[in-house]
Amino acid sequence: MNNNIIELKNITMSFEGEKVLDGINLDIRDKEFITLLGPSGCGKTTTLRIIAGFLEPDNGEIIFSGEKINSVPAHKRQVNTIFQRYALFPHLNVFENVAFGLRLKKLPEDEIKEKVTEMMALVNLSGMEKRKIHNLSGGQQQRVAIARAIANNPRVLLLDEPLAALDLKLRKDMQNELKKIQQQLGITFIFVTHDQEEALSMSDRVVVMDNGKIQQIGTPQDIYNEPQNAFVADFIGESNILDGIMRKDFLAEFSGQTFNCLDSGFNKDEKVDVVVRPEDVDIVPVDKGMLTGIVTSVTFLGVYYEIIVDIGGFKWMIQTTDEHKVDEHVGLFIEPDAIHIMKKSEYSGKYGDYSTYSDEMEHLSDLEEDEE
Amino acid sequence: MNKKSLGQRLLRAPYILWSALFIIVPLFIMGYYALTDAAGNFSFSNFSDLSRYKNAFLISLLYAFISTVITLIIAYPLAYFMTKCKPGTQRMMMILTMLPMWTNFLIRTYSWITILSNTGIINTLLGKIGLGPLHLINRPGTVILGMVYDFLPYMVLPIFNVMSKIDVSLTEAAEDLGANRFRVLRKVILPLSMPGVVSGITMVFVPSVSTFYISQKLGGNKTMLIGDVIEYLFNLGPDYYNVASAISLVLMAIILVSLFIMNRFSDDEGGGVVL
């Protein structure tokens, strides 16, 4: 027996002729916190619903602790779900919501009472048993949803963007709390989100998805430091993604210069994508720079400045704590370990430079993502 | 919010005028007739006479109760089934449910005579295969059949409306927590669709209890429902307006009391009917 609680084998799924999952292979280890991360429409929620039993895949196998469960209905699976909008029963009070699964199991009344009390304490809602659902705040409803799901003693908890409806402050608190609950219960959490920060801060492993396919599976550090393709590099954090050529092992050429790097194993003169994170670039005087360019935009963001530098037409984003002026000539210095080389993929060339970047857009996308 | 703008008052005006002319004034006229005798003097005599119509009242209530229960038994599963269908099928079934309502009430009732009478369609067919004519018309059951047929859409529509608005994630949550289909229906769909059931019951029970004509045509005048009594008395001429008004008033009171009792029962479910 391996340590996998769930295995997805070559899962495909189409809705009305449109492929939403395309050959998903994923092993989920027992007791891990794994996050499915991707933009909307990438197939992450569909994957979750297949595991929950709400959808049956067109092809492929779902294995749950060694047994194929494709045709096992949702109510017989040892998984429980926390829904995006909580889906609490409006006709029942808090106690009865949490007790719902226990009553279905026909447990004796005192056992139900004990379990509900325990769950309410776990999610910090003790004393609110008699409250009506519609009198609860969003955060409280979220807690009831968690209590209701884990009262059933699931082996796997599925969380479908559970924090999306909460405001930023509450969301940070709930992230910590969920992580704590997961460690306390020692069960597997499968978490779905489009928020990369959430994914990086909570997960043992992150599964980056796009277009119905898994793009990369790895620890948060792997995903951030060693993105497998331009999509992952662009989706997780900020990236300067350039066309480059591997001249030989540990020597890459881009922006008309050659750079020492730590990557090897490519063919001689193979075309590659080069990723340099904005925080890994140092701005130095022109005569000391490996590359030189002109500052076109400076944005103060509190902890650091976000500076756009035009180098031969390609606009780099650089994050630095030093202040620079627009139109200043600067040099860039890049350490070998700041350069990450990726094989060319279908995503190559899709993510350009920061030439369309402006303060206004950053502001808008912040609003969208954080609901601040 | 006591002060309303001129615009708001103007918008309300037509409705107020309408209710005054066609709801409040007629009620007063009815009240006036009920509380006066034929000469126009104030009197309670109309009410003291009502015990003669006790049977009609009881039968009307019984028939209305039975047909409401039957409509509910037919309509609830139908509405549930409709919510499970694709939108296109749903629309089709909705139209089929509504279709009879587009036909005149009298014609619908008459068609049942054509179908059920001793020389009607069913008995003709039965005769062809050698099964003697069955006595189908002019029986109590036929009256109830007519009521159920006429009022079924008023039960299906409100139940379907409420049921189709129940969030799918609630049924999924129930399944997720271990409920099979039947238990999802009993523990989630049923309680959450109660408001629709309550308004459906109201919309069927109220017209059933005061209905007339159906019993005359399909019941062969053997069973006089209270609606028929009222119609009969009014047809006798102005001398009988007073007692007919008194019966109408009492019928109204009975309906109000029934609805009140039902509302008390359904309060727990969060439903409720506007009286």
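By convention in this document, chain letters (A, B, ...) are assigned in the order of the sequence lines, proteins followed by strands, and residues within each chain are numbered from 1.
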Does A/R205 pair with A/D27 as a salt bridge, N-O distance under 4.0 Å?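 Salt bridge flag = no for A/D27 with A/R205.
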Open item on the list: Check this for me: does any side-chain nitrogen of one of A/D195 and A/R171 sit under 4.0 Å from a carboxylate oxygen of the other?
Closed with: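 Counted as a salt bridge, because a side-chain N and a carboxylate O are separated by less than 4.0 Å.
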Listed by number, the residues in residues 167-180 of chain B that come under 4.5 Å of chain A (heavy atom to heavy atom) are B/S169, B/L170, B/E172, B/A173, B/A174, B/E175, B/D176, B/L177, B/G178, B/A179, B/N180
Do A/D30 and A/N4 have side chains that get closer than 4.5 Å, going by heavy atoms?
no
Side chain, backbone, both or neither of [X] within contact of chain B (heavy atoms, under 4.5 Å):
X      : result
A/L102 : neither
A/F89  : both
A/N80  : both

Just by distance, do the side chain of [X] and the backbone of [Y] share a donor-acceptor pair under 3.5 Å?
X      : Y      : result
B/D228 : B/Y213 : yes
B/S258 : B/I254 : yes
A/K132 : A/N93  : no
A/D204 : A/I34  : no

Review point. What residue, out of A/R148, A/R103, A/R77, A/Q84, has the most heavy-atom pairs lying under 4.5 Å from chain B?
Key: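 Maximum pair count with chain B is reached by A/R148.
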Over all heavy atoms of both residues, which pair between A/G38 and A/K44 is shortest? Give the atoms and the distance, please.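 Answer, listing the atom of A/G38 first, then A/K44: O-NZ, 3.1 Å.
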